[in-house]
Structures are given as structure tokens and as C-alpha cells.
Amino acid sequence: MSDRNETPKSGTPREAVDIQMSGEWHLALLEQSLAGIYLIQNGFFRYVNQEFARIFGFQSPDEIIDKVPVLEFIAPQDRDKVIENVRRRSEGDVPEMRYCFVGVRHDGRFIDLEVHGRAMEFEGMPAVIGVALDITARKLSEAAADAKLSALFEHSPLGIALVDMEGRHLEYNHAYQQLLDSSEATLKNTDMWSCIATEFATEVAAMRKALETEGRYGAIELGMNREDGKHVPVQAFGVRIVGADHRHYVWFIIEDITRRKTMELEAKEQLKALESLYKRLQEAQMQIWQAEKMSAVGVLAAGVAHEINNPVGYVKSNIKTLKNYVTDLLQLISTHKEVLDDCIADDSPARERVSAVEKSIGFDFINEDAPKLLYESLEGIERVRHIVSNLRDFSKVGSSEWQLADLNKCIDSTLNVLDSSLKQKVEIDRQFGPLPKIHCIPSQLNQVFMNLLINAAQAILDSGKITIRTGHEGDFVWVEISDDGVGIAERDLLRIFDPFFTTRSVGEGTGLGLSVSYSIVKNHQGDIRVNSSIGHGSTFYISLPISPGATHNEK
């Protein structure tokens, strides 16, 4: 291998050899390029490489250079554009330019070309050198993609619209127009923002802000105005894009969610119905529980009455007999004293002995107190019988059937049962009005009165008064139970009839009393209300029909 610094054997100067080698390399690069390279001057190609010739269907560049005018390589519709671009570059108006046009092959077939040309001088004259790429395949692919996108746009079940940043409709598909039920004239003269119902102003503001800051928004539920004035619920999506004119646009996509909203509403209604059914089942369960409890109390009362009535009966009979005996004995002793006073001297040892015994046993006190004790004993026995009778009246053993009852008597029997727990700190003020008998289940109403009276007593901290009023208006009777206790907070008034709700401490109340009372009153087709305020006590008002309809629950 020879040194490049040596003089060539042929005697050719070294500079000439370098120039020759450089030209050969450059020419080889041009010929082997995968892009079509050309040089245009005065309307003809002064140079093209082999790839350029291949692109246009020629066998050799020699078939083109200085032989075929440039215009013959350009489709008629693009000739003016290409000639003007060549002129502008040749004359130096634009140093370089990149654009696309439709070319014509040697066989007459059209092809898509992308050229990148630059102005230069060739042999002292203006010229354009450039690169040409055959983009026919790419254009076909893009056209196919555009066709697919167009089909997707037109046949999409989603409503799609292209709008500018002011919301003016530029393009929209059939689904969008059908969803809004609007004519083309209406959409062209209506901006997208005004199609959104006014009650969604907050959502619209959030959409605008999201487009400005993040360039998108999504999954926002709105109501859209139809041309017929109706609203359609939609879920909206949007994305900001930059157009070829460097302006911002928005793809607005909406989905009709009417069916989903209807299903959600139906689901809510079903859930509400299930909750109502569950509440009714709870109430029924509590009523059964209370009924079983009352039945147990009734059985107990019946057993107590049976066990107590017999001994109380013969105790009462014996005390009555004993009272007669004691009366007779005291009368006999009184007679003996009178005889003794007549027959025996005052200083007689016998008289002194009798006087000593009288003093030692307190005969004068016994003579006075014995009749009282016997009388009080008889009263006590009568009281026991009265209590047993009240227990039986309260529980109505074996009587859970609807029957006629006097509410005043029901309240009295309940007060008698609660007497010992109420009288210690509560004064009972009865203000009973005349009442007709009503068709009811007395044992259940007694349970209601008991719950209300116990609650009223517990609301009174030290001492106070419970006022019970009854009355009759039209086809209804009413009972009002008031106390001067601590009262009920306003936030609790709406919940006091809910199952298991209680304002008492854990372990002090089950929260079932008022709920069961509410259910019993409603089962009697009546109404129960409460009025209360902190520090001013509470008043419960019960209204019951005299003759409930045939639909009442006779459980």
C-alpha cells in the first residue's frame, strides 16, 4: 500500500488525485442513496440519481437528465403549486422548502411524493437541489387509517363533537346529533356549553378549568338540553388538541346514561323497599317479643292470682271472724269489769290484782287498738286482692283479641301497677274526660301507657308531676301524657321512635319501648306524636280510632 504523501507514479499532482477521489466518493454516495436526489435548473433536471429514476419508472437517470421537462413529472392539479415553489427557491425568496405533491410516473401512474429542496447555484446559474421520497404506501396507510377513524367516528354509539375553545360545533357524528335530537342548523348556531343544563354550572366551570390547566376532563355527569326542551343525563369526557393551524380545539364525547340512571333509581327504590320491609320485620319481631313478654307477665299474674287468692280469701274470712270474736271478748271483759266494780270493794285484793294485770298488758290501749288493727288488716287484704285484679286487668291473660275497652280504665289499671314506683317522686294529675269504648287490644295499649309513664317518671330527676288527659273528638279518642322533666333534645326528636335508639347510658335502656309503642299505635291505625324542649318537659299525644277499619292487623 503506497503512502498518500508520495507522488503518484503517473506523475499526476497529489491535489488532483484527492479531488478525483473525493468526487468519486460523493458520486457513489449519491447513486447509492435510498432517496431520490435531483437538481433542477431552467425547467429541466440537470442531475438525478438512480433512486429518483426508479421512483418515476425509468431504467436510467440518462433517460431523464436534460431530456424530460420537470412539468411532466407533476400531476396537473399540483403543477402550479410545484412550479411556484421551485421559482421561490431558485430566486431566493425561500432558502428551502418541504412539501408534498402528486407525481406522474413514466407509465402514467400517479404517486405521492414528499420533497425537500434548497436553493443553490450551479455553473453560475440559480438552481434547486432536493430529495424526493415516494410516500404512496404511507399515504395509502394514512388514508386507510383515516377511513377507519371516519367509520369509527360516524358509527360510534357515543356522541362525539369537535368544538373550538368557545364551544362552537365544528364537526359531530350522528349519535351526537341524535342524542340531542337537534337539527344541523340548531347545532351550527349553538355552542356546546349552552347545551348543558343550567343547574350544572359548577360542573361546567370545573370542565373549563380542567381543559385550561390539564388539557382534559373525564367522567363528569351532566344534563344536556334537547331541542324539544327535555333533558337527557350524560357522562361527558373531553380532551384538548392542537390543530394544524396551531389553534386549540376540544373533542367532546358524551354517553347517554338514561338507562343507567333509571336502573340506579330502581335500585334505590328496591333498596328503600327492602329497608322498609326490614324495619317492618324488626317491628314485628319486637311486637312478638313484647307480646311474649306480656304473655309471660300474664301467666305469672294468673299464677300469682291463683296462689294468692285462696289464702287471701280465707285470711280475710278468718280476720272477719276474728274481728267478731275480739269485739265479743272486749264486750265480755267490759261487762266483767262493770260487775266487778259493783261487787268488790275498791280496796279488795281481787280488785288490786285485776288492776295490776290491766296495767301490765296495757288493756286500755289494746281495747282501743285491736279494732283498728283488725280493720287495717282487712284493708290490707282488700288491697292485695285489688293489686292482683289490676295485674290481671293489665295483662289480660289469654286475651290478645280485639275487643271493646275503656281507655280511662286501662290507664287506671296501669297506674295501679306502677303505683309503688311512681308515688315516691311523682304526683299524678288525672284529667280524664268521658270516653266511649273503643275496639282495641287492651293489653297492648296498656303496654304503651306503661312505657310512656315510665319514661315520663325517668325524665323527672327529683320530684315533679305527670298530667294525664283524655278526650273524645269525632271518631277518635285521644290520650295526652305530659311531664315537667328534663325534656328531649331537638336532634333526638326525629329518632326517638327508631328501634334501639335511646338517650340513656349503656345498660340503662334497650331503645325498644317507644319503638314498640309506635308500632302498637300504628297497628291500631292511630297516631302518636311528641312535643318537647330541653328544660320544659315532654308531651306525648296519642290518637286512636273508635272503630279501626277491617284492615287492622289482628295478631
Side-chain angles (χ1 to χ4, degrees), residues 27 29-31 33-151 153-154 162 164 168 170-171 188 241-249:
L27 184 60
L29 288 174
L30 292 175
E31 290 301 322
S33 174
L34 298 178
I37 300 174
Y38 62 89
L39 176 67
I40 298 175
Q41 192 177 54
N42 296 326
F44 284 86
F45 290 102
R46 301 300 304 278
Y47 170 80
V48 298
N49 67 353
Q50 183 62 41
E51 178 63 16
F52 188 92
R54 186 197 67 77
I55 289 173
F56 284 92
F58 290 89
Q59 296 293 325
S60 167
D62 293 336
E63 298 179 59
I64 301 174
I65 296 173
D66 293 330
K67 295 178 181 177
V68 184
V70 172
L71 288 179
E72 293 188 13
F73 291 82
I74 307 169
Q77 66 269 24
D78 283 346
R79 284 178 181 174
D80 292 342
K81 178 179 72 173
V82 175
I83 294 301
E84 175 63 16
N85 288 342
V86 171
R87 182 195 66 76
R88 293 176 66 192
R89 284 174 293 178
S90 299
E91 295 179 1
D93 294 344
V94 180
E96 62 181 81
M97 187 176 290
R98 183 173 185 172
Y99 61 95
C100 296
F101 69 94
V102 178
V104 183
R105 282 171 53 90
H106 185 47
D107 58 8
R109 185 162 57 88
F110 291 109
I111 57 174
D112 290 295
L113 296 169
E114 180 180 322
V115 296
H116 190 179
R118 177 177 293 177
M120 63 171 293
E121 283 192 2
F122 180 69
E123 296 180 349
M125 297 289 291
V128 173
I129 187 171
V131 177
L133 296 174
D134 184 356
I135 60 171
T136 303
R138 191 181 81 189
K139 283 288 186 179
L140 289 173
S141 176
E142 289 177 354
D146 288 344
K148 290 179 181 179
L149 288 175
S150 178
F153 177 77
E154 285 301 326
L162 179 67
D164 60 20
R168 290 185 288 264
L170 305 176
E171 293 183 46
K188 286 180 180 179
I241 61 171
V242 180
D245 56 359
H246 305 293
R247 294 179 60 191
H248 287 185
Y249 299 90

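Only heavy atoms go into these numbers, but all of them, side chains included; no hydrogens, no water, no symmetry mates.
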Peer 1: Do Arg46 and Glu123 touch side chain to side chain, with heavy atoms closer than 4.5 Å?
Peer 2: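 In contact.
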
Peer 1: Where the side chain of Gln41 meets the backbone of Phe122, is there a donor-acceptor pair that is under 3.5 Å apart?
Peer 2: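 At least one qualifying donor-acceptor pair exists.
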
Peer 1: Glu84: what forms a salt bridge (Lys or Arg N to Asp or Glu O under 4.0 Å) with it, not counting sequence neighbours?
Peer 2: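 Once residues adjacent in sequence are excluded, the partners of Glu84 under the salt bridge (Lys or Arg N to Asp or Glu O under 4.0 Å) criterion are Arg87.
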
Peer 1: Near Asp107 CG, under 6.0 Å, is it more than 12 heavy atoms from other residues, nucleotides or ligands?
Peer 2: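 Count over threshold, so yes.
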
Peer 1: Which residue is it: Val102, Ile74, Leu71, Leu113? I am looking for the one with a side chain to side chain contact (heavy atoms under 4.5 Å, CB included) to Val82.
Peer 2: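 Between Val82 and the candidates, side chain to side chain contact (heavy atoms under 4.5 Å, CB included) is satisfied uniquely by Ile74.
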
Peer 1: Crowded around Lys81 NZ? As in, over 12 foreign heavy atoms under 6.0 Å?
Peer 2: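 Yes.
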
Peer 1: Flag the pair Phe44 / Val68 as yes when at least one side-chain heavy-atom distance between them is below 4.5 Å, and no otherwise.
Peer 2: no

Peer 1: So which atom in Gly117 and which in Val128 form the shortest heavy-atom distance, rounded to 0.1 Å?
Peer 2: CA-CG1, 4.4 Å

Peer 1: Rounded to the nearest 0.5 Å, what separates atom CD1 in Ile37 from atom CD in Glu51?
Peer 2: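 That separation rounds to 9.5 Å.
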
Peer 1: Would you call the rings of Phe45 and Tyr38 parallel, tilted or perpendicular, where under 30° means parallel and over 60° means perpendicular?
Peer 2: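 Rings of Phe45 and Tyr38: perpendicular, as their planes differ by over 60°.
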
Peer 1: Please tabulate, for the side chains in residues 56-63, all donor-acceptor contacts under 3.5 angstrom to protein atoms that are two or more places apart in sequence or on a different chain.
Peer 2:
unit_1: Ser60; atom_1: OG; unit_2: Asp62; atom_2: N; d: 3.1
unit_1: Glu63; atom_1: OE2; unit_2: Gln59; atom_2: N; d: 2.9
unit_1: Glu63; atom_1: OE2; unit_2: Ser60; atom_2: N; d: 3.0

Peer 1: Say whether, by atom type as modelled, one donor and one acceptor occur between the side chain of Arg105 and the main chain of Ile55 under 3.5 angstrom.
Peer 2: yes

